[in-house]
Enquirer: 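This is the structure I have questions about; it appears just below.
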Amino acid sequence: MGALRTIILILAFIATVTVVNCHNITAILSAFPEYSEYNNYLSQTKLDDEINSRDTVTVLVLNNGAVSALAAKHPLAVVKNVLSLHILLDYFDNKKLHAIPDGSALSTTMYQTTGNAPGNVGFVNITDLKGGKVGFGSGAPGSKLDSSYTKSVKQIPYNISVLEINAPIIAPGILTAPAESANVNITGLLEKAGCKTFVKYITDTGVLKVFQMAAEKGLTLFAPNDEAFKAAGVPDLSKLSNAALVALLQYHALARYAPKGSLKTTKTSMATLATSAAGKYDISVKTAGDDVRLDSGVGTSRLASTVLDSTPLCIFTVDSVLLPTELFGKAPSPAPVMSPESSPAPAPSDDLSPEPAVAPAPLDAPPAPPAESPVDGPAPSDGPTADSENSNASNGVTSVKAPSVSDFRVIYHVNVDYVGLCYVLSLHFKCFYG
Ligand SMILES: *[C@@H]1O[C@H](CO)[C@@H](O)[C@H](O)[C@H]1NC(C)=O
Ligand SMILES: *[C@@H]1O[C@H](CO)[C@@H](O)[C@H](O)[C@H]1NC(C)=O
Ligand SMILES: *[C@@H]1O[C@H](CO)[C@@H](O)[C@H](O)[C@H]1NC(C)=O
Ligand SMILES: *[C@@H]1O[C@H](CO)[C@@H](O)[C@H](O)[C@H]1NC(C)=O
Ligand SMILES: *[C@@H]1O[C@H](CO)[C@@H](O)[C@H](O)[C@H]1NC(C)=O
């Protein structure tokens, strides 16, 4: 165990070093009152988390007048898109701006990574103009260079550079407002994204209405795809009481806007829509590079794709059904007792319809315990073979695999050690750079 722990600690250390970031854009900009509006919008749109989670980034800032003019005319989702076009995923300082090969370059921006940017719309054109001027414009062909570099604000070479430009860079179509989140067709988007089973469940239980109401103020959905419900080992959801099913579905949502960048920088466990006096129903995040996993305590699920990121609504698909410990215990749920081969996949969404439509449960009702007690330890059939066979992250099985008692000890120790180590490292880096 000692050697294993050492190896795991070293791996954890490497993982930590690659995710630790030393810059804090909010702190950097707070020294400049002329950018307080820009800073304020970075926080509101959570772009600050995105910037802080990048190793190499250039932030093109605008003064308060320019930001206020933009924000007065457009909703927050548009402001976010425009600002994300001002975050270059490369490092440019004064020197590099004046040494661009052939005098002109396209840089990728944060807007490009949202998937909303067709063609070159997510790129920024940087051109070294005559007389020492540097022009900025959209990377879309035929765009003008309407913004100019005015001065360098702050650099931490070669991780973050903050440069001021005199006017916002506007890409074609970027000012078109997306649908108000209250009017977003959540079920339509989810069906298109391959989450028909989840849609069926939230519609039948009435949880959809809860989501729609929350969407106006802030909502993040983690919708398991259809494969996740079919994965071997997913408990038979038809055995859950209605209250428990409602809690399970609400467990797949946060009552706030949390885009991927924010999830990546989340270090404490998060309350979900299922959180109530009846149970904590919280969830934590594990990040390695661009890979974000949600940990329910029973198992983990990978964030598979972003379906929608439009402040204040965010919709993701996840690879596995998230099983809260409140319903399924720290130990595996009873369902996986069946071997993967003999376990029938839950009925596909179409087959769910003949069931009598269940009335929406009173949301404050405490969730009923699962049909069978979760405290029976791991089932004998879940030996090491089953574990290794089930270790493919993409097939959704990992979330309900049954670790042995000794696995739990290792996981527990690693978690404690890992958290301690992260803490020590973060202090170290704070002292070093802060
Ligand atoms: C960044 O700095 C701001 C202001 O100094 C502070 O409130 C915030 O907690 C910091 N964020 C992180 C992730 O350290
Ligand atoms: C700073 O940038 C260098 C080179 O791109 C990179 O190797 C390093 O990890 C970055 N440091 C931090 C703390 O992000
Ligand atoms: C940048 O824009 C200018 C002016 O429209 C154009 O001449 C130049 O080719 C563009 N640069 C790149 C790399 O696309
Ligand atoms: C939402 O989308 C679905 C599937 O595309 C469609 O059947 C449904 O009518 C839409 N609902 C609304 C309110 O537009
Ligand atoms: C796991 O993935 C490997 C390679 O992708 C595949 O050969 C194997 O069958 C998968 N195992 C399971 C249990 O899905």
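Remember, it's 1-based here, ligands and their atoms both numbered in the order they're listed. Hydrogens, waters and symmetry mates are skipped; everything else that's a heavy atom, side chains included, is used.
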Enquirer: Is a salt bridge present between D295 and R293, judged by a nitrogen-to-oxygen distance below 4.0 Å?
Expert: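 So D295 does not pair with R293 through a salt bridge.
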Enquirer: Can you name the closest pair of heavy atoms from I170 and L85 and give their distance?
Expert: C-CD2, 4.5 Å
Enquirer: Should T187 be counted as touching ligand 4, given the test is an N or O pair under 3.5 Å?
Expert: no
Enquirer: May I have the N/O to N/O pairs between ligand 3 and the protein that fall below 3.5 Å, each with atom names and distance to one decimal?
Expert:
residue, atom, partner, partner atom, Å
ligand 3, 2 (O), N125, ND2, 2.2
ligand 3, 5 (O), S143, O, 3.2
ligand 3, 11 (N), S104, OG, 2.8
ligand 3, 11 (N), N125, ND2, 3.0

Enquirer: With under 30° as parallel and over 60° as perpendicular, where do the rings of F222 and F316 fit, or are they tilted in between?
Expert: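 Parallel: the ring planes of F222 and F316 meet at under 30°.
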Enquirer: Side chains of Y38 and N63: do they bring a donor and an acceptor to under 3.5 Å?
Expert: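 No donor-acceptor contact under 3.5 Å links the two side chains.
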Enquirer: Hey, does T26 come in under 3.5 Å of ligand 1, counting only N/O atoms on both sides?
Expert: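 Between T26 and ligand 1, no N or O pair is found under 3.5 Å apart.
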Enquirer: Give a yes or no on whether the backbone of K80 and the side-chain of S84 come within a donor-acceptor separation of less than 3.5 Å.
Expert: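 Yes, S84 side chain to K80 backbone: donor-acceptor pair under 3.5 Å.
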Enquirer: May I ask you to say whether D282 pairs ionically with K280, meaning some side-chain N is under 4.0 Å from a carboxylate O?
Expert: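 Yes, this pair counts.
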Enquirer: Would you list the pairs meeting side-chain hydrogen bond (donor to acceptor under 3.5 Å, both in side chains) in which at least one residue belongs to residues 161-170, sequence neighbours left out?
Expert: Y35-E164, T150-E164, Q155-S161
